[in-house]
There are 2 protein chains.
Amino acid sequence: MRISDGVEWAVHVCGVLAAAPKGQGVPGLKLAEFHELPPAYLAKQLQALSRAGIVAADRGVKGGYRLARAPSDISLLDIVLAIEGTGPVFRCTEIRQRGPCPTPPAACRRICPIARAFLAAEAVWRTSLAGVSIAEMNRAAAAESFDDKRRHQFEAWIADAAR
Amino acid sequence: MRISDGVEWAVHVCGVLAAAPKGQGVPGLKLAEFHELPPAYLAKQLQALSRAGIVAADRGVKGGYRLARAPSDISLLDIVLAIEGTGPVFRCTEIRQRGPCPTPPAACRRICPIARAFLAAEAVWRTSLAGVSIAEMNRAAAAESFDDKRRHQFEAWIADAAR
DNA sequence: TCCAATTCGGACAATTTGTATCCGCTTTAA
DNA sequence: TTAAAGCGGATACAAATTGTCCGAATTGGA
Ligand code: SF4
Ligand code: SF4
């Protein structure tokens with residue numbers, strides 16, 4: 001049970017896009033270059049973000065990716081669900097209905113205590129991730145690891161990358 | 001990001017063992033038969049439970065598996081960690097230290113806000129799973145899906161399976 | 001208007017991970 | 001001594017993940 005690398009990439013990319021000039025798009029190639037990621041594979045993750053309505057994509061020579069909504073309105077959970085899919089982590093194969101002493105179908109109308117416990121645990125996990133937004137993380141990251149020099153370096157880079 | 005089938009199997013097996021006669025062991029073959037599971041693969045999961053100290057294994061002709069501690073002292077989290085491993089779900093590849101605008105190593109002493117958020121979410125997930133024990137789930141399952149006839153059927157089966 | 005440059009999009013292959021099985025070994029009770 | 005049972009490693013098989021490619025769509029200028 002491990003989380004895909006694409007989730008980490010997507011979170012970082014959204015952080016960069018949140019800091020990009022309003023109304024301008026950043027090409028996927030530039031985003032890949034920023035973190036030294038495989039461009040073609042990152043493009044696939046960006047497609048998933050686009051399908052989920054988290055980023056918007058403009059094609060053509062002045063195209064690129066930009067956030068589809070405000071950074072404060074995009075949570076970690078949104079990104080995880082976009083990349084990993086919305087299905088539950090624990091999925092039941094109904095083995096209780098098999099074997100020499102099966103649970104009768106009538107008793108299987110409601111999910112069993114085991115599945116309930118896993119769903120409840122996933123619910124609090126999702127709630128926790130839903131509570132932190134891109135905007136908050138960018139603010140925290142800037143305060144912790146940006147000095148004036150690096151901030152200027154970043155702004156120069158993104159001014160060149162944005163279209 | 002999905003959870004292994006072996007976890008579901010292990011939880012069910014622990015539930016069966018909790019209902020077995022005290023002091024007697026149930027062979028792995030019988031446990032596989034009860035849920036119609038592939039015997040060889042279930043045996044591997046049982047090894048993991050044994051290594052984690054959740055079940056105890058007795059070898060030899062009167063051997064079998066039995067719970068290593070009280071059912072009320074075995075949580076869902078214990079089983080998940082035994083089967084899936086204890087590593088974190090989200091593991092960072094430190095991509096922030098690469099590319100044209102890297103985070104300086106000095107600022108990477110503490111984990112970043114992104115990783116913190118994921119670790120916090122996993123912590124509440126684990127806490128939730130740690131709060132439900134095998135004993136509680138067996139009690140709930142019995143109340144929901146056991147009538148007198150099925151209870152007798154189950155006790156007859158396990159009396160024959162236990163050694 | 002048409003063409004060339006640029007970019008996203010989905011289909012496709014390669015790699016890694018997880019699933020499942022088997023067999024020899026040790027241990028134990030009869 | 002023998003039969004039953006768990007342990008561990010070696011080995012095939014299936015699936016998900018990772019990674020790459022080429023075509024469709026859009027823009028801007030000739
Ligand atoms: S009893 Fe619960 S965990 Fe087991 S197969 Fe049914 S729903 Fe899944
Ligand atoms: S900044 Fe955070 S999420 Fe990104 S690579 Fe570093 S620790 Fe991981």
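Because the structure is a prediction, the values reported are computed rather than measured. Every chain is numbered from 1, with letters handed out A, B, ... down the list of sequences.
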TODO: For each nucleotide in nucleotides 11-23 of chain D, reading 5' to 3', give B when a protein heavy atom comes within less than 4.0 Å of its base, S when such contact involves only the sugar-phosphate, and - otherwise.
DONE: -----SSBBB---

Task: Distance, nearest 0.5 Å, that separates CZ of Arg66(B) from NZ of Lys22(B) - done: 10.0 Å

Open item on the list: Just to be sure I understand the geometry, which residues of residues 10-30 of chain A put a non-hydrogen atom under 4.0 Å away from DNA chain D?
Closed with: none

Open item on the list: Reading DNA chain C in the 5' to 3' direction, which nucleotide is the first one with an atom under 4.0 Å from a heavy atom of chain B, and which is the last?
Closed with: dT19(C) to dA30(C)

- [ ] Sequence neighbours left out, what pairs pass ring pair (Phe, Tyr, Trp, His ring centres under 6.0 Å) with at least one residue falling in residues 3-22 of chain A?
- [x] Trp9(A)-Tyr41(A), His12(A)-His35(A)

Task: Euclidean distance, atom OH of residue Tyr65(B) to atom P of dA4(D) [Å, nearest integer] - done: 18 Å

Task: Qualifying residues under side-chain contact (heavy atoms from CB on, under 4.5 Å), relative to Val61(B), sequence neighbours excluded - done: none

Task: Minimum side-chain heavy-atom gap Ile134(A)-Ile79(A) below 4.5 Å - done: yes

Task: Carboxylate-amine/guanidinium contact Glu144(A) Arg139(A), below 4.0 Å - done: no

Open item on the list: When you measure from the side chain of Gln97(B) to the backbone of Thr103(B), do you find a donor-acceptor pair of N or O atoms at a distance under 3.5 Å?
Closed with: no

- [ ] For the pair Glu122(B) and Arg126(B), find out whether any cationic side-chain nitrogen is under 4.0 Å from an anionic carboxylate oxygen.
- [x] yes

Task: Hydrophobic cluster identity match, Leu46(A) and Leu29(A), side-chain contacts under 4.5 Å - done: no

TODO: Look only at the side chain of Gln45(B) and the backbone of Ala10(B), and say whether a donor-acceptor pair between them is shorter than 3.5 Å.
DONE: no

Open item on the list: Counting only side-chain nitrogens and oxygens, does Arg51(B) get under 4.0 Å of the OP1 or OP2 atom of dG8(D)?
Closed with: yes

Task: Check: Gln47(B) side chain, dG6(D) base, donor-acceptor under 3.5 Å - done: no

Task: All ring pair (Phe, Tyr, Trp, His ring centres under 6.0 Å) counterparts of Phe154(A), not counting sequence neighbours - done: Phe34(A)

